[in-house]
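Below, chain A is the first sequence line, B the second, and so on; all start at residue 1.
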Protein chains: 2
Amino acid sequence: MTRTASEIDLEQRDAPRTVSEAIYRRLRSDIIWGVLVPGAPLRSDELRRKYDVGISPLREALSRLASERLVTSSGQRGFRVAPIGDASVVDITRTRLVIECAALERSIEVGDVAWETRVVATHHALSRVPFPTSQGAEAEVWTRRHKAFHMALLSACQSEWQIYLADLLFDQAERFRILRAVKTAAAGRQRDPAKEHQEIVDAVLDRDLERSIAALRSHYRVTMEMALEALASPAEEALQ
Amino acid sequence: MTRTASEIDLEQRDAPRTVSEAIYRRLRSDIIWGVLVPGAPLRSDELRRKYDVGISPLREALSRLASERLVTSSGQRGFRVAPIGDASVVDITRTRLVIECAALERSIEVGDVAWETRVVATHHALSRVPFPTSQGAEAEVWTRRHKAFHMALLSACQSEWQIYLADLLFDQAERFRILRAVKTAAAGRQRDPAKEHQEIVDAVLDRDLERSIAALRSHYRVTMEMALEALASPAEEALQ
DNA sequence: TTATTTTTAAATTTCCAAATTTGAGGTATC
DNA sequence: GATACCTCAAATTTGGAAATTTAAAAATAA
């Protein structure tokens, strides 16, 4: 999958300026993608060797991740990858719906043509990547565009905080979405998110608040329910 | 002002276990109380001397504060106390209303007698401290109990995330509430928050959702409007 | 005078070694 | 046998010195 010039530009524009920032992003990505498995201890010496960085930027990154709740930390007893449980899946889904519904409502109220254009553009870019059936470069592109689309929906809400929190919770949810995808890949059951996204776009462009929010709710509820199913059958992990 | 045994216990129970944690709390408190003024640069050497800690725990604390948005950080150019502007005051107020209204709604729906008791208890404790007219030990007690009361209102929402975010935004709002209090102390204009709190408690105990949310909205809107007024007249700062 | 380059001091960031803390396993005591 | 108390290796945490980067002042060129 080739990447457009604008995507490369975007990444270079905010390329990590410090080792701290770089290791933060790598750890963050590895946690979200399940490379570092939920609950696993994050020992400084191990990580220092594995990622080839000093202790200071490493700890700094872990502290940041801790306040984003992607890792847990208890004084003098080190850091761990934050576990994923039924309760947190439900909680994260509920909470991000609270924030995103509010932000979407505002966006629909005050969004201008530039906003509509962003929604249409990010949706189109997403629709041209097939929904990935396994991890790899394609899955990463899909994931990036998927997030870009959802954030575009909220981008006219005129609230930096709501966008920041939605971003935070999106990544939290990404963890269990990916966990689900990995676990049920063998079973072959797939959803059709393209249709769900199309419904959201249609409702949003019609400026139909109720329908938009219903579509978003249902979209996230499906994700949540599939994640809960995956969590209920941890045995499948053993199937290869 | 004496402190109850339970309050002391509470603090000792989660006393800082590391220097990192301790300096984090001190910085946080100093930022919220305006000791470290909005926009001021936070130079490592200065702070290291002032708070008598090493660089490592200091940076760690600053990183955490940065992801809580109490300080800003730009790579290689250090940290600053997050500025307070009209836009952020409005944004924080709007966003915390989104979260707190959702959490309050749920609490009213599912809260049991233990929750009602927490609301009544924290409200009573708060009502017995006079609304402070200047900074000092009393102001700190009032502030602690004020937060305890507001968090008690949400404490039955069954969402750790919503409580965490409400907590985060409460402290953000505390910054401009205190800023306002300091600036207009000379002018003598005061509000009567006790009445506002009473209205919230009454509505909540009646399980009247609409009235509860209206009372909370109005409570926070007053805070916001007074903060905006204070921001509009920065000249008053010069009066002493 | 204005613009560009060079220098330089100040500040941030990073590595690393020393100090501290934890928890497990062994030993003594009741 | 159970409990309390050491001992010690492993891991976290911390302080400071070295390396890097920034930004402002000085010098040079246009």
Side-chain angles (χ1 to χ4, degrees), chain A residues 11-31 35-83, chain B residues 11-31 35-83:
Chain A
E11 275 167 42
Q12 285 193 339
R13 191 182 312 142
D14 44 42
R17 301 174 59 81
T18 64
V19 176
S20 213
E21 179 73 17
I23 183 63
Y24 162 76
R25 294 199 199 169
R26 289 187 63 193
L27 283 172
R28 189 183 159 88
S29 166
D30 282 356
I31 291 171
V35 177
L36 296 166
V37 300
L42 296 163
R43 290 195 198 81
S44 22
D45 255 26
E46 255 175 62
L47 295 181
R48 199 167 63 81
R49 259 180 275 275
K50 192 167 161 188
Y51 292 93
D52 192 36
V53 291
I55 278 188
S56 310
L58 180 62
R59 289 201 113 249
E60 224 170 282
L62 289 171
S63 297
R64 284 179 66 183
L65 291 166
S67 59
E68 290 178 17
R69 311 205 132 190
L70 283 170
V71 321
T72 63
S73 89
S74 42
Q76 311 280 25
R77 244 170 303 170
F79 300 89
R80 291 177 160 273
V81 181
Chain B
E11 275 167 41
Q12 286 194 340
R13 192 184 311 142
D14 44 44
R17 301 174 60 79
T18 64
V19 176
S20 212
E21 178 73 17
I23 183 62
Y24 161 75
R25 294 199 199 168
R26 290 187 62 192
L27 284 172
R28 188 185 161 87
S29 167
D30 282 355
I31 291 171
V35 177
L36 297 166
V37 301
L42 296 163
R43 291 194 199 82
S44 21
D45 256 26
E46 254 175 63
L47 295 180
R48 199 166 64 81
R49 259 180 275 276
K50 192 166 162 190
Y51 293 93
D52 193 35
V53 290
I55 278 189
S56 312
L58 180 63
R59 291 201 112 247
E60 222 170 285
L62 290 170
S63 297
R64 282 179 67 182
L65 291 166
S67 59
E68 288 177 18
R69 310 205 132 189
L70 283 170
V71 322
T72 63
S73 90
S74 43
Q76 313 278 25
R77 244 171 303 170
F79 300 89
R80 290 176 160 274
V81 181

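- Residues meeting the salt bridge (charged side-chain N to carboxylate O under 4.0 Å, His left out) test with A:Arg26, sequence neighbours left out: none.
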With sugar-phosphate taken as primed atoms, P, OP1 and OP2 and all else as base, the protein-contact string of nucleotides 11-22 of chain C at under 4.0 Å (heavy atoms; B, S, -) is SSSBBB----SS
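- With sequence neighbours excluded, the residues that form a side chain to side chain contact (heavy atoms under 4.5 Å, CB included) with A:Val35 are A:Asp30, A:Trp33.
- One can place CZ of B:Arg49 at 14 Å from P of D:dG15, the figure rounded to the nearest angstrom.
- With sequence neighbours excluded, no residue satisfies side-chain hydrogen bond (donor to acceptor under 3.5 Å, both in side chains) with A:Arg48.
- Among residues two or more places apart in sequence or in another chain, the side-chain hydrogen bond (donor to acceptor under 3.5 Å, both in side chains) test is passed with A:Ser56 by none.
- Residues in residues 68-80 of chain A take part in these side chain to side chain donor-acceptor pair (under 3.5 Å) pairs, two or more places apart or across chains: A:Tyr24-A:Glu68, A:Arg28-A:Glu68.
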